[in-house]
*Asks:* 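This is the structure, below, for whatever I ask next.
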Amino acid sequence: MKPRSKIYVPRETSSISVGADDVALGIAREAKRTGTSIELIRNGSRGATWLEPLVEVEVDGTRIAYGSVSASDVPGIFAAGLVDGGEHPRRLGPVMEIDYLARQDRWTFWRCGLIDPLSLDDFRAHKGFSALEKAFGDGADAVLDAVSDSGLRGRGGAGFPTGIKWRTVAATAADQKYIACNADEGDSGTFSDRMLMEGDPLGLIESMAIAGFAVGASKGYIYLRSEYPLTHSILSRALDVARDTGWLGTNIQDSGFDFDIELHLGAGSYVCGEETAMLESLEGKKGIVRYKPPLPAHEGLFGKPTAVNNVVTLGSVPNIVNLGAERYARMGVNRSKGTLAFQLAGNIKRGGLVEKSFGLPLRELIEDWGGGTASGRPVKAVQVGGPLGAYLTAAQLDMPLDYEAFIEIGAMIGHGGIVVFDDTVDMAQQARFAMEFCAIESCGKCTPCRIGSTRGVEVIDRMIAGENREENYDLLVELCDTMEGASLCAMGGMTPYPVRSVLQHFAEDFASSGDKP
Amino acid sequence: MATRRIDKETTSEIVRHFGTRADMLVQILQAIVMRYGWVPEETIRQLADEVNLSRADVFGVVTYYHDFRTEPPGNHIVKVCQAEACQAMGSRALTKHARKALGANLHETNDDVTLEPVYCLGNCACAPAVMIDGKTHGRVNPARFDELVGAMKDSR
Ligand SMILES: Cc1cc2nc3c(=O)[nH]c(=O)nc-3n(C[C@H](O)[C@H](O)[C@H](O)COP(=O)(O)O)c2cc1C
Ligand code: SF4
Ligand code: FES
């Protein structure tokens, strides 16, 4: 018997963290109890995390959404006619008419939340693997041209042009080359890699295969952080699906191209997100940062040419192949082309993922999308770009989201995480944490990073305690300069950024820090 | 939780599953921790022999990574996120509450429950976040924390 309707409940970390599994269970139970035949699909998240668990029902081809559904709401919603999209206080109307989603520029995340992530049929029905097929037809050079012309830059943090990286790997002769997908996503305030992998894992597999085809690599690795167990299980199953259906392995779909992927887990080290530390870890060793040169593109994993790319960077490629570089390059501003999946986090009313073209002001994201702070109090500081990113003041929010504009003021966009703090935050503690985190996570190779960060915590503690505040202030500035100048990677090199931003804009918090609970 | 008995044959099985390759050491150790909860010294010795590395090499890798505990944890593991997005939503106060409720400081075990810090669970839009026995929870205030811990203890 054909089911009455298709009902979607996300199987995604954040949704489940606020009860989506119980909601799914409840819906299945109500269906059974009332003898209603439904098809329950566990999709990815649409990215409107503040509305999770977000339940959707397909009615005459339109998906109707119900937001913030809890398990205890389910019987009521079911009785109100969920299967036909019935009226209920939780009903939000057609999902794509929700303002938060309707106004996004979904290029990389367009399938996320739309499809059943583990169904090859659903994936294929939504252009899945069509970019890989097109790549086979157009040839590797055409893919390299498209990626270069699109202006796509690395979304892992450094913003390096992907086309240049891929061309370097393609041009380096070797008996074996690799694609290494960086899914370590260590930056606090970020979750876009996770959402993409949970919502469209076959898309990542396709993206990596395209990369492999373009540069001449027959093997790929995914380095996934261990903090994402659900993502691990979804990716593992997606890899099985792709292998079982001939989309991974030897002679993929009779193209003559061989490609397979090995999924590796990290082990709780932040610095293993740095590309060379990640390669060391993939080789089974301590995740200690390598000197560059050689670049990974020349000598990477096991000494072979390796394209290291972030999940979202890779995920942007299929549509570049399918729709053309020009369409991608037309979005964005200056040298920040295309879209970025911004992540609204921390003290924000409407947290979630917003994929938008570069160039909009930070304020628009925080106010129009985010709705301001969750606490309703004024914004005091915003950290953009993870733990190594500067804290911006409420007065700096009109900054356009553009890589270069951020660099100019000593900040960075990084992986696009935006963490909002209200006016109760003690910024001296935030500066202290930046140093403490560096001390905990330093790989230990450079003295300024390893020792300097511990010294930094001590100096800040003295400032907070009110001991020789001016002297210690100067000492901290000096320490920041040394760390920035003499560290091998951005862990030690950029920890000074959040610290300096606190000194510059929130220095008064050192005096009041002790007074707060 | 799965049985935590340290057993030579189980260890060998894990090593074989990863092709008895030294370059899979991090993966092997991750599987060991998932199985035993920690990496015992006898296992370090066995791994060194089986993948043909020095004990110092294996020990070095074990101590480098936060996930590879060298002390047995409790039957339940509670991780409270300490990173910025969670700080913005009160994770410092939540951590204080957790320490009191569990009677353990970070990295300590009490009454068979181990309390640990974690630096981001990717649940930053539902802060503060907590992971209990491998499952991530969001928007956790002290009352919800107590509820979750209660349910965890009932599942013993
Ligand atoms: C301390 C540190 C941590 C990093 N963590 C990550 C990470 O978790 N994920 C990521 O993609 N890139 C991370 N990076 C950036 C990588 O080194 C590298 O630039 C990136 O993976 C390259 O891919 P992309 O060009 O596609 O961005 C980190 C860098 C540093 C210095
Ligand atoms: S800056 Fe720190 S993390 Fe980076 S290589 Fe040096 S010691 Fe390692
Ligand atoms: S900062 Fe706590 S989950 Fe990301």
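Please read these numbers as outputs of a predicted model, since none were measured by experiment. Quick note on labels: first sequence line is chain A, next is B, and so on, each numbered from 1.
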*Asks:* With side chain to side chain contact (heavy atoms under 4.5 Å, CB included) as the test, would you mind laying out the steps for B:Gln30 and A:His264 before giving the verdict?
*Replies:* CA-CA 10 Å; B:Gln30 194 55 270; A:His264 278 229; over 6 Å; no
*Asks:* Using non-hydrogen atoms and a 4.5 Å limit, figure out which bit of A:Ala374 sits close to chain B: side chain, backbone, both or neither.
*Replies:* side chain
*Asks:* Do B:Gln27 side-chain atoms and A:Leu265 backbone N/O form a donor-acceptor pair below 3.5 Å?
*Replies:* yes
*Asks:* If I measure from the heavy atoms of chain A, does B:Lys79 come under 4.5 Å with its side chain, its backbone, both, or neither?
*Replies:* neither
*Asks:* Applying salt bridge (charged side-chain N to carboxylate O under 4.0 Å, His left out), can you list everything that pairs with B:Arg99, at least two apart in sequence or on another chain?
*Replies:* none
*Asks:* Step by step, work out the side chain to side chain contact (heavy atoms under 4.5 Å, CB included) result for A:Glu280 and B:Tyr64.
*Replies:* CA-CA 12 Å; A:Glu280 290 289 300; B:Tyr64 182 80; over 6 Å; no
*Asks:* For A:Phe191 and B:Cys120, run side chain to side chain contact (heavy atoms under 4.5 Å, CB included): C-alpha distance rounded to whole Å, both residues' side-chain angles, the deciding distance at 0.1 Å, then the answer.
*Replies:* CA-CA 9 Å; A:Phe191 45 84; B:Cys120 194; over 6 Å; no
*Asks:* Which heavy atom of A:Gly346 sits nearest a heavy atom of B:Ala88, and at what distance?
*Replies:* CA-CB, 4.1 Å
*Asks:* Is there a donor-acceptor contact under 3.5 Å from the side chain of B:Tyr119 to the main chain of A:Glu441?
*Replies:* no
*Asks:* Where on A:Val271 is there a heavy atom nearer than 4.5 Å to chain B: the side chain, the backbone, both, or neither?
*Replies:* side chain
*Asks:* Under 4.5 Å from any heavy atom of chain A, what part of B:Val118 do you find: side chain, backbone, both or neither?
*Replies:* side chain
*Asks:* Quick check for you: among A:Leu344, A:Ile440, A:Asp422, A:Leu282, which has the greatest number of heavy-atom pairs under 4.5 Å with chain B?
*Replies:* A:Ile440
*Asks:* Measuring heavy-atom distances to chain B, does A:Tyr270 have an atom under 4.5 Å in its side chain, in its backbone, in both, or in neither?
*Replies:* neither
*Asks:* Please round to the nearest 0.5 Å and tell me the distance separating atom SG of B:Cys124 and atom CD1 of A:Ile348.
*Replies:* 12.5 Å
*Asks:* Check whether any side-chain heavy atom of A:Glu283 sits under 4.5 Å from a side-chain heavy atom of B:Met24, and report yes or no.
*Replies:* no
*Asks:* Report, as yes or no, whether the 6.0 Å neighbourhood of atom CD on B:Glu41 holds more than 12 heavy atoms from other residues, nucleotides or ligands.
*Replies:* no
*Asks:* Rounded at 0.5 Å granularity, tell me how far OG1 in A:Thr13 sits from CG in B:Asn123.
*Replies:* 7.5 Å
*Asks:* Within the supplied structure, the quantity of interest is the number of heavy atoms (other residues, nucleotides, ligands) at a distance under 6.0 Å from B:Phe59 CZ; does it exceed 12?
*Replies:* no
*Asks:* Evaluate the side-chain proximity of A:Tyr228 to B:Thr136: yes if any heavy-atom separation is below 4.5 Å, no if none is.
*Replies:* no
*Asks:* Give, as side chain, backbone, both or neither, the part of A:Gln429 having an atom under 4.5 angstrom from any heavy atom of chain B.
*Replies:* both
*Asks:* What part of A:Gln383 is in contact with chain B, defined as an atom under 4.5 angstrom from a non-hydrogen atom: side chain, backbone, both or neither?
*Replies:* side chain
*Asks:* Heavy atoms only, distances under 4.5 angstrom: which of A:Ser192, A:Cys443, A:Gly352 has the most pairs with chain B? Name it, please.
*Replies:* A:Cys443
*Asks:* Do you know the tightest heavy-atom contact between A:Val419 and B:Ala85?
*Replies:* CG1-CA, 3.5 Å
*Asks:* For A:Asp193, which atoms come within 4.5 Å of any heavy atom of chain B: side chain, backbone, both, or neither?
*Replies:* neither
*Asks:* Can you check whether A:Pro229 reaches B:Met131 side chain to side chain, under 4.5 Å on heavy atoms?
*Replies:* yes
*Asks:* So for A:Arg350, is it side chain, backbone, both, or neither that comes closer than 4.5 Å to the heavy atoms of chain B?
*Replies:* neither
*Asks:* Could you have a look at B:His66, B:Glu84, B:His137 and say which one has the most heavy-atom pairs with chain A under 4.5 angstrom?
*Replies:* B:Glu84
*Asks:* If you count heavy atoms of other groups shown closer than 6.0 angstrom to CG of B:Asn52, is the number above 12?
*Replies:* no
*Asks:* Please assess B:Leu25 against A:Lys285 for the test side chain to side chain contact (heavy atoms under 4.5 Å, CB included), listing each intermediate value before the final yes or no.
*Replies:* CA-CA 7 Å; B:Leu25 184 60; A:Lys285 304 179 205 153; over 6 Å; no
*Asks:* If you count heavy-atom pairs under 4.5 Å with chain B, which of A:Gly284, A:Gly351, A:Ser17, A:Gly444 comes out on top?
*Replies:* A:Ser17
*Asks:* Under a 4.5 Å heavy-atom cutoff, which of A:Ala267, A:Ser188, A:Ser226 has the most pairs with chain B?
*Replies:* A:Ala267
*Asks:* Looking only at the side chains, is there a donor atom on one of B:Gln87 and A:Gln430 sitting less than 3.5 Å from an acceptor on the other?
*Replies:* yes
*Asks:* Does atom CD of B:Glu71 have more than 12 heavy-atom neighbours from other groups under 6.0 Å away?
*Replies:* no
*Asks:* Under 3.5 Å, is there a donor on one side chain and an acceptor on the other for B:Tyr65 and A:Ser281?
*Replies:* yes
*Asks:* Kindly compute the distance separating CG (B:Leu121) from CG (A:Leu230), expressed to the nearest 0.5 Å.
*Replies:* 12.5 Å
*Asks:* Look at B:Arg92, B:Arg144, B:Gln82 and state which one has the largest set of heavy-atom pairs under 4.5 Å with chain A.
*Replies:* B:Arg92
